[in-house]
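One structure is given below, encoded as structure tokens.
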Protein chains: 4
Amino acid sequence: MSEQPKAAPSATRRSEASRRAILTAAFDLVGEVGYAKLTIEAIAARAGVGKQTIYRWWPSKGAVLVDAVLMLSEDRETRTAALPDTDDLARDLKTALRATVAELNDPRYDQPLRALNTEIAHDPQLAATYRERLHEPMQEIKRQRLRKAWKAGQLDTDIDLDVAIDLLWGPLLNRWLLRTGPLTEEYADRIVDTALGGLNPRSWLLPGRL
Amino acid sequence: MSEQPKAAPSATRRSEASRRAILTAAFDLVGEVGYAKLTIEAIAARAGVGKQTIYRWWPSKGAVLVDAVLMLSEDRETRTAALPDTDDLARDLKTALRATVAELNDPRYDQPLRALNTEIAHDPQLAATYRERLHEPMQEIKRQRLRKAWKAGQLDTDIDLDVAIDLLWGPLLNRWLLRTGPLTEEYADRIVDTALGGLNPRSWLLPGRL
Amino acid sequence: MSEQPKAAPSATRRSEASRRAILTAAFDLVGEVGYAKLTIEAIAARAGVGKQTIYRWWPSKGAVLVDAVLMLSEDRETRTAALPDTDDLARDLKTALRATVAELNDPRYDQPLRALNTEIAHDPQLAATYRERLHEPMQEIKRQRLRKAWKAGQLDTDIDLDVAIDLLWGPLLNRWLLRTGPLTEEYADRIVDTALGGLNPRSWLLPGRL
Amino acid sequence: MSEQPKAAPSATRRSEASRRAILTAAFDLVGEVGYAKLTIEAIAARAGVGKQTIYRWWPSKGAVLVDAVLMLSEDRETRTAALPDTDDLARDLKTALRATVAELNDPRYDQPLRALNTEIAHDPQLAATYRERLHEPMQEIKRQRLRKAWKAGQLDTDIDLDVAIDLLWGPLLNRWLLRTGPLTEEYADRIVDTALGGLNPRSWLLPGRL
DNA sequence: TTCTAACCGAGACGGTACGTCTCGTCTTAAT
DNA sequence: ATTAAGACGAGACGTACCGTCTCGGTTAGAA
């Protein structure tokens, strides 16, 4: 969507250099001045580009941000194309969640990701773009690892994989975004352990109790 | 915090009528025009108040919003002083999560709560206020119900209550805020079941049961 | 000066339509609401112009006013390019001073001219602009008429033409601005007669007295 | 007028200390920050007085200023109760006009007097007060000296004393207020000489003298 | 000598305008 | 024909004062 301009200029003549300069400037600026003070004028100035060039190709500031984050994540995505897979599900999930923690705690990504989340929260249109271009691909990667575990009998048969992913990553993202507590590796590990084991007592399932 | 003005005017002669008018106007307006188009000028105009009266007592638009949400939630808080407690933990948690789902889906609260979350995500100062005044009290209510279950042996001994709460409510809030999927009662139920039971297969814990 | 903006925008693309609308609005408004209640916001609104367009090209409200008065006076200036010249100096001066009286008493000019005088009195910078663009050209016109009279032997050899002009017009402007008395044609005539003849008694110069 | 409050408080209990503090603060402040930036709030703060105390006794900022200038000039007025009188009219007038020049050039009086003139120019009500309390008394002093000269045959019989005064002081005040030229003692002297002798050539009055 | 009505300092209030900033559109000049 | 540069109409920002309005606390003059 953010790539589909309002009235579709020829698009063939679009300057790739300008496009990259704008997205880079947007990403850098949001990291420097924060989301609230990010302005189109500043992005244009930083990118050495006329304002109109931005308005021509993106419908809103948020759309620029989505594309900016997308550009960077698409470079990485190839590298992180799959979750670790060592046959030890718990360990692999802890590695994956710790990676998420590291990324969210990375000062280079903190502001851009917060800005992205804000735009998504307020603009259903952008949320759709985000789901398709960023969320769904990553969700699928996670799903694959869990599906493999499920096939290996390492997950309960009744499990909904998407719910499982929500259970693992939801608390993390939530704590980071709302700052309701410190985002540490220990927390990530505990989430994995608790999610895998469940809240119910082990005992009542044990043979001795029967 | 949001009640502590910048340079602490005498506060004795503060107009309670103006305070309520401002908070009500802010809450109503954010619901009508959305967070992005919410302006201090409009709040002041709607409240029939000078802009300075807002700037005198609140340091930012976000602080007004926090107080606005607070004002409303404090009225309800007394009613919802405790989570349901019927000795059936799963059923009670489902009731509680369904209530959260209903609230998040309520069009009257949608915009204000999204705005609140945005402000918290970008302003650590406001996040602290939010934690103390809204998050922590509600967290304690949830903790109490879980603590009771824990004492009754309905929860695993090793469980960290806060992690448990995150596991239950985190996915909900996350899905709502980022619109990664529909927020239904079924989803709430499934979260409770999955969180209580865990992702691990029942079988490997209870070989004798096979 | 008032045409020289603070940091000199390119000025090539300056909108002539906006410029005229602003000056006309300023002139009209000061006549309607008076100098004290003349605001930049009202000028912008009346001119159908953004406030920034005013601030971009004029450093102060006073500078706008000077230009506004200038714009009108430059249209007239061509007509009034010279003082009447009938070889009867006294009659011509009376005609000229009566014209000044009529202008100062004209309700369309009263407020704008008072506002102009106020700005000049408080801003040496504006006073310089006024001197160069308005005062000096008019002064030269008056000088020319007096110079001609001087060459014709109708003025005392020792006369300083600028002092003569001050003597004729100073009392007029003063009485008008400070309202120390009614500004009538009779007063103008009397000024001319008194200034020409001097305060000294005629007698002591007469041969009979020697 | 400026002493007559709107709805006439009892005035008996009026604090003389506050009154003087306000007038002194107003006079000092206008000299420091200039007329445009003179505010009632600053006067009140400088005087250590509540704003209401100013609004209670004066209808406008201009009224305060008139009283402030009045307070100071009333102290001096007794000293300068009369113009110099040495039987040499020209010399006496030069002395008087030089005194006016000195006063207008005095940096302590420059801003207050400009402010006063501005208020008078824009508020007929204040102009009336000024005329009665300041202008007329000084006018009478000047009139007395000229009347004496007139009786002594040192002035033309047909002279209107008020016009004569305007001819002498008008150019001065005008040049000072509009900054159309430097205000020097030489200028004052020349005004006196020119006004006394008149613009007409001496010759045509005295053919026999050729 | 107490009462009490006014003035006093302080400053919060509903407003208006300030001068600045950014928005999204439109125009120009130069490549 | 697209770009960078940037002027434009619009309008919100946060600040400064406006003139009005309490609020307690003196401070007389009348009781």
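We name chains A, B, ... by the order of the sequence lines, and we start the count at 1 in each one.
- Of the residues near DNA chain E, Ser15(B) and Ala45(D), the one whose nearest nucleotide (by heavy atom distance) lies more toward the 5' end is Ala45(D).
- Remark: Phe27(D) pairs with no residue by the ring pair (Phe, Tyr, Trp, His ring centres under 6.0 Å) rule, at least two apart or across chains.
- Within residues 112-120 of chain A, no residue approaches DNA chain E, by heavy-atom distance under 4.0 Å.
- Per the geometry, CD1 belonging to Ile22(B) stands 11 Å off C1' belonging to dG14(E), to the nearest Å.
- For Val49(A), the side-chain atoms get nearest to dA4(F) when compared with the rest of dC7(E), dA4(F), dC18(F).
- Spacing between atom CZ of Arg46(A) and atom P of dA4(F) amounts to 16 Å, rounded to whole angstrom units.
- The stretch residues 20-32 of chain C participates, sequence neighbours left out, in these side chain to side chain donor-acceptor pair (under 3.5 Å) pairs: Glu32(C)-Arg46(C).
- Nearest to the side-chain atoms of Arg13(B) among the listed nucleotides dC13(E), dT27(E), dG9(E) stands dG9(E).
- Candidate nucleotides dG19(E), dC8(E), dA7(F) were compared by shortest atom distance to the side chain of Lys51(C), and dG19(E) ranks first.
- Cation-pi geometry between Arg14(B) and Trp58(B) is met: under 6.0 angstrom from the ring centre, within 45 degrees of the axis.
- Atom OG in Ser60(B) sits 9.0 Å away from atom CD in Gln125(B) (nearest 0.5 Å).
- The nearest whole Å value for the distance from the CZ atom in Arg14(C) to the P atom in dT28(E) is 16 Å.
- Taken to the nearest 0.5 Å, the CD1 atom of Ile120(B) stands 5.0 Å off from the OH atom of Tyr130(B).
- Close to dC8(F), at under 4.0 Å from its OP1 or OP2, lies a side-chain N or O of Trp57(C).
- Straight-line distance from the NZ atom of Lys61(C) to the P atom of dG19(E): 8 Å, rounded to whole Å.
- Taking 4.0 angstrom as the limit, Ser18(B) places a side-chain polar atom (N or O) nearer than this to OP1 or OP2 of dG14(E).
- A sub-4.0 Å separation between OP1 or OP2 of dG9(F) and a side-chain N or O of Thr53(C) is present.
- Whole-Å rounding puts the Arg19(A) CZ to dT2(F) C1' distance at 18 Å.
- Here the straight-line distance linking atom CD1 of Ile43(D) with atom NZ of Lys51(D) works out to 12.0 Å at 0.5 Å rounding.
- Separating the CG atom in Asn117(B) from the CG atom in Leu113(B) is a distance of 7.0 Å, to the nearest 0.5 Å.
- For the helix from dT1(E)-dA31(F) to dT31(E)-dA1(F), the angle separating the two terminal helix axes comes to 10°, with each axis derived from five pairs and the value rounded to 10°.
- Within the 4.0 Å cut-off from OP1 or OP2 of dG14(F), not a single side-chain nitrogen or oxygen of Trp58(B) is found.
- Of the listed nucleotides (dT15(F), dG11(E), dC8(E)), dC8(E) has the atom at the smallest distance from the side chain of Arg56(D).
- Residues passing the ring pair (Phe, Tyr, Trp, His ring centres under 6.0 Å) test with Tyr35(B) are His122(A), sequence neighbours excluded.
- You'll find that the side chain of Tyr55(B) is closest to dG14(F), out of dA7(F), dG14(F), dT22(F).
- The CD atom of Glu119(A) sits 9.0 Å away from the OG1 atom of Thr118(B) when rounded to the nearest 0.5 Å.
- Nearest nucleotide to the Gln52(B) side chain, out of dC7(E), dA16(F), dA7(F): dA16(F).
- For the segment residues 36-44 of chain D, residues with any heavy atom less than 4.0 angstrom from an atom of DNA chain F are, sorted by number, Thr39(D), Ile40(D), Glu41(D).
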* May I have the step-by-step check of side chain to side chain contact (heavy atoms under 4.5 Å, CB included) for Leu126(A) and Leu65(A), ending in yes or no? => CA-CA 10 Å; Leu126(A) 278 178; Leu65(A) 261 173; over 6 Å; no
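- Put simply, the residue from Leu72(A), Leu38(A), Leu29(A), Val30(A) that forms a side chain to side chain contact (heavy atoms under 4.5 Å, CB included) with Pro112(A) is Val30(A).
- With a 4.5 Å cut-off on side-chain heavy atoms, Trp57(A) and Ile22(A) do not count as touching.
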